[in-house]
A.B. asks: 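Below is one structure. I have some questions about it.
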Amino acid sequence: MRIAILGSRGIPARWGGAEVVSEELATRLAARGHEVTVYCRARYSDPSRPREYRSVRLVYTPYLPGKYLESPSHEVVSALHSLVQPFDVYYVLCCRTSWCYVLHRLAGKRVVFNTNGLDWLRRKWGAVVRTYLRFSFWAALRLATRVTSDSRAICEYIRREFGVEAHYLSWGAYVLPPVAASILEEYGLTPGGYFLVVCRIEPENNVDLIVRAFEGVETSKRLVVVGGVNYRSRYVRRLRRTKDPRVVFTGPVYRPGHVDTLLRYAFAYIDGHEVGGTSPGLLRAMGCGACVLVFDRPFNAEVVGDAGLLWKKSEEDLRDKMRRLLANPELAARYGALAVERVRQHYTWEMAADAHERFFLDLVRGEAPSLLAWQQRARTRGGPARAVHDGRSGSASGDAR
């Protein structure tokens, strides 16, 4: 198969979850003999701009700078470039610029959108941008040859709210082998001496709530926040004004092995993302053996199962969960062990690559529905979201825990 992956910043992964997914899937599919191309932005790539990475072809396309223009401008140019390429499958990670694939569908090309959460709910966007993003999401569901999601909970949401069948394809993670703790010295940390947050520092990841909750906890441990944003942010500036000397902002950390080591030796990892679906960062933390404290949303509960603690959207509830772990460190260790086992059983990258490969092969071998097939799908409401996987993934759950 000839597969194009669009919608991320490119590989090697140096920024967020979409980039990790691009790298892990692309390199595995290429190793299995498929011709894989990833569209990249030079700003986030190796300065030498290699044309190939681990047998994956890299294509760099231009874009306009800025918070609102960078992603859509890059995807428009990438989509136009890809239109004249002989790809069998176009795998688009996100739905922000879905309309630019109209020509692909008119030309009979197979376009698969991975919905990558509910982007219009991100609090960083104003009303106009939110309206546009919801429209683009709607358009993706109608334009796509197939729609996928990394979360069964999001598949069900799409079926219920839009009357479209989405196909479940999970992400993956590594189980981290034993690593030395010496890297911690560079950050002034000790094993088990800190709570950890690793994310893009944006409102929908609730870093402000996490910081406020931690400020009210009596402990000598620190709160370490790893990450940043690629634009000027008043939100980040406000966070950094905390007067609690125990709160440490490292900024983005890209050096190989550093984030994994920070995760491995954290007392607990706190995840606050709320716009779905499956968080690659959460899976990474679980694979590193971190005890995870996760914001209570259906897609997060689906990933964690019984291998972590869920917290409600309140400072007091999160604070209570932190205090519970601090009073029972053996509980934190037990959750860390359960998290590793859950990744082994349900969320390895090989499992994810297997499911994606089967899905793409089935699509290529079958007859691609026409551009107007969405009209028939929209009239057929009520069927369950179809799960495309090997039967080893955990079940969805929206129960509060």
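Please read all numbers here as calculations on a predicted model, not as lab measurements.
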A.B. asks: Do the side chains of I201 and S233 get nearer than 4.5 Å, heavy atoms only?
C.D. replies: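 S233 does not reach I201 side chain to side chain.
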A.B. asks: With no hydrogens and no angle check, is any side-chain donor or acceptor of R246 less than 3.5 Å from a backbone partner on F214?
C.D. replies: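 Pair found, side chain donor or acceptor close to backbone of F214.
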A.B. asks: Hey, could you give me the CG/OG1 distance between L169 and T278, rounded to the nearest 0.5 Å?
C.D. replies: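 The distance works out to 11.0 Å.
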A.B. asks: Backbone N or O of V207 within a donor-acceptor pair of the Y235 side chain at under 3.5 Å?
C.D. replies: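 Here the side-chain-to-backbone pair exists.
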A.B. asks: Does the salt bridge (Lys or Arg N to Asp or Glu O under 4.0 Å) test come out yes or no for E24 and R28, once each step is laid out?
C.D. replies: CA-CA 6 Å; E24 298 296 344; R28 280 173 172 76; 2.5 Å; yes
A.B. asks: For the backbone of V275 and the side chain of E204, can you confirm whether one donor and one acceptor N or O come within less than 3.5 Å of each other?
C.D. replies: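 No.
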A.B. asks: Closer than 4.0 angstrom, basic N to acidic O: yes or no for R212 and E215?
C.D. replies: no
A.B. asks: What do the steps show when you test Y157 against F299 for side chain to side chain contact (heavy atoms under 4.5 Å, CB included), and what is the final call?
C.D. replies: CA-CA 11 Å; Y157 174 86; F299 38 79; over 6 Å; no
A.B. asks: Sub-3.5 Å donor-acceptor pair from the side chain of S136 to the main-chain atoms of C95, do we have one?
C.D. replies: yes
A.B. asks: For Y194 and Y187, I'd like to know if the aromatic rings sit close, meaning centre-to-centre distance below 6.0 Å.
C.D. replies: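 No - the distance between ring centres of Y194 and Y187 does not fall below the 6.0 Å cut-off.
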A.B. asks: Decide yes or no on salt bridge (Lys or Arg N to Asp or Glu O under 4.0 Å) for E19 and R9, but give the supporting numbers first.
C.D. replies: CA-CA 6 Å; E19 291 68 48; R9 296 174 179 85; 3.4 Å; yes
A.B. asks: So W349 and L25, do their side chains get closer than 4.5 Å, heavy atoms only?
C.D. replies: yes
A.B. asks: Is the closest basic N to carboxylate O distance between D317 and K321 below 4.0 Å?
C.D. replies: yes
A.B. asks: Determine, for D88 against R365, whether the closest basic-nitrogen to carboxylate-oxygen distance falls under 4.0 angstrom.
C.D. replies: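 No, no charged N to carboxylate O under 4.0 Å.
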A.B. asks: Which atoms form the tightest heavy-atom contact between L69 and S73, and what is the distance?
C.D. replies: O-OG, 2.6 Å
A.B. asks: Side-chain contact test, heavy atoms from C-beta onward, threshold under 4.5 Å: evaluate it for T97 versus Y132 and give yes or no.
C.D. replies: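 Yes, close enough: below the 4.5 Å cut-off.
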A.B. asks: What closest approach, in Å, do V56 and V36 show between heavy atoms, and which atom pair accounts for it?
C.D. replies: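 Result for this residue pair: CG1-O, 3.5 Å.
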A.B. asks: So, using side-chain hydrogen bond (donor to acceptor under 3.5 Å, both in side chains) as the criterion, who are the partners of H356 when residues are at least two apart?
C.D. replies: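 Scan of H356 (side-chain hydrogen bond (donor to acceptor under 3.5 Å, both in side chains), adjacent residues dropped) gives Y91.
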A.B. asks: Look at the side chain of S22 and the backbone N and O of A18, then say whether any donor-acceptor pair between them is shorter than 3.5 Å.
C.D. replies: yes
A.B. asks: Can you tell me how far CG of L326 sits from CZ of R319, rounded to the nearest 0.5 angstrom?
C.D. replies: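 That separation rounds to 12.5 Å.
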A.B. asks: Is there a donor-acceptor pair closer than 3.5 Å between any side-chain N or O of Y60 and the backbone N or O of P50?
C.D. replies: yes
A.B. asks: Is the side chain of R2 donor-acceptor paired with the backbone N or O of P86 at a distance under 3.5 Å, no angle test?
C.D. replies: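 Such a contact is found between R2 side chain and P86 backbone.
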A.B. asks: Is there side-chain contact between R96 and L133, with heavy atoms separated by less than 4.5 Å?
C.D. replies: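 Yes, side chains in contact.
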A.B. asks: Do we see a donor-acceptor contact under 3.5 Å between the side chains of Y168 and E156?
C.D. replies: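 Per modelled atom types, Y168 and E156 side chains form no pair under 3.5 Å.
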A.B. asks: Could you state the interatomic distance from CD1 (I5) to OG (S78), rounded to the nearest 0.5 Å?
C.D. replies: 12.5 Å
A.B. asks: Indicate the ring-plane relationship of F267 and F195, choosing parallel, tilted or perpendicular according to the 30° and 60° boundaries.
C.D. replies: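 F267 vs F195 ring planes: perpendicular.
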A.B. asks: Do any N or O atoms from the side chain of N300 and from the backbone of V294 form a donor-acceptor pair under 3.5 angstrom?
C.D. replies: no
A.B. asks: To the nearest 0.5 Å, how far apart are CD1 in I11 and CZ in R54?
C.D. replies: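 Between I11 CD1 and R54 CZ, I get 8.0 Å after rounding to 0.5 Å.
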A.B. asks: Report yes or no: does K221 contribute a side-chain atom to a donor-acceptor pair with the main-chain N or O of G192 at less than 3.5 Å?
C.D. replies: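 Pair found, side chain donor or acceptor close to backbone of G192.
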A.B. asks: Looking at V179, T190, D260, which one forms a side-chain contact (heavy atoms from CB on, under 4.5 Å) with Y265?
C.D. replies: V179
A.B. asks: Does H258 reach the side chain of V226, with side-chain heavy atoms less than 4.5 Å apart?
C.D. replies: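 With C-beta onward as the side chain, the pair stays apart.
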A.B. asks: Between V292 and Y335, is the side chain to side chain contact (heavy atoms under 4.5 Å, CB included) condition met? List the steps.
C.D. replies: CA-CA 7 Å; V292 293; Y335 276 129; over 6 Å; no
A.B. asks: Assess the pair Y39 and H74: is the distance between their ring centroids shorter than 6.0 Å?
C.D. replies: no
A.B. asks: Could you check if a side-chain atom of R238 sits within less than 4.5 angstrom of a side-chain atom of D208, using non-hydrogen atoms only?
C.D. replies: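 No - every pair of side-chain heavy atoms lies 4.5 Å or more apart.
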A.B. asks: Working to the nearest 0.5 angstrom, can you tell me the gap between L6 CG and N114 CG?
C.D. replies: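 Atom-to-atom, L6:CG and N114:CG are 12.5 Å apart.
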A.B. asks: Between R342 and V303, is there a side-chain heavy-atom distance shorter than 4.5 Å?
C.D. replies: no
A.B. asks: Of all the heavy-atom pairs spanning A79 and C100, show the shortest one and how long it is.
C.D. replies: CB-SG, 3.7 Å
A.B. asks: What heavy-atom pair brings I183 and G257 nearest, and what distance separates the two atoms?
C.D. replies: CD1-O, 4.0 Å
A.B. asks: For R49, I'd like to know if atom CZ has over 12 heavy atoms of other residues, nucleotides or ligands within 6.0 Å.
C.D. replies: yes
A.B. asks: Would you please say whether a donor-acceptor pair under 3.5 Å links the side chains of S71 and R41?
C.D. replies: yes
A.B. asks: Inspect the contact between E350 and R32 and indicate whether a charged nitrogen and a carboxylate oxygen are less than 4.0 angstrom apart.
C.D. replies: yes
A.B. asks: With a 4.5 Å heavy-atom cut-off, do K109 and F87 have their side chains touching?
C.D. replies: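 In short, these two side chains do not touch, never coming nearer than 4.5 Å.
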A.B. asks: Give the minimum heavy-atom separation between S98 and A139, together with the two atoms involved.
C.D. replies: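 Looking at all heavy atoms of both residues, the closest pair is OG-CB, 3.5 Å.
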A.B. asks: Working to the nearest 0.5 angstrom, can you tell me the gap between H346 NE2 and E341 CD?
C.D. replies: 8.5 Å
A.B. asks: May I have the step-by-step check of side chain to side chain contact (heavy atoms under 4.5 Å, CB included) for L282 and Y347, ending in yes or no?
C.D. replies: CA-CA 11 Å; L282 173 58; Y347 289 107; over 6 Å; no
A.B. asks: Within the side chain of E302, is there an N or O that forms a donor-acceptor pair under 3.5 Å with the backbone of R152?
C.D. replies: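 Pair found, side chain donor or acceptor close to backbone of R152.
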A.B. asks: Please give me the minimum heavy-atom distance between L263 and C288, naming the atom from each residue.
C.D. replies: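 In this case the closest contact between L263 and C288 is CB-CB, 3.8 Å.
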A.B. asks: Tell me, with the steps shown, if L262 and V198 meet side chain to side chain contact (heavy atoms under 4.5 Å, CB included).
C.D. replies: CA-CA 10 Å; L262 289 167; V198 181; over 6 Å; no
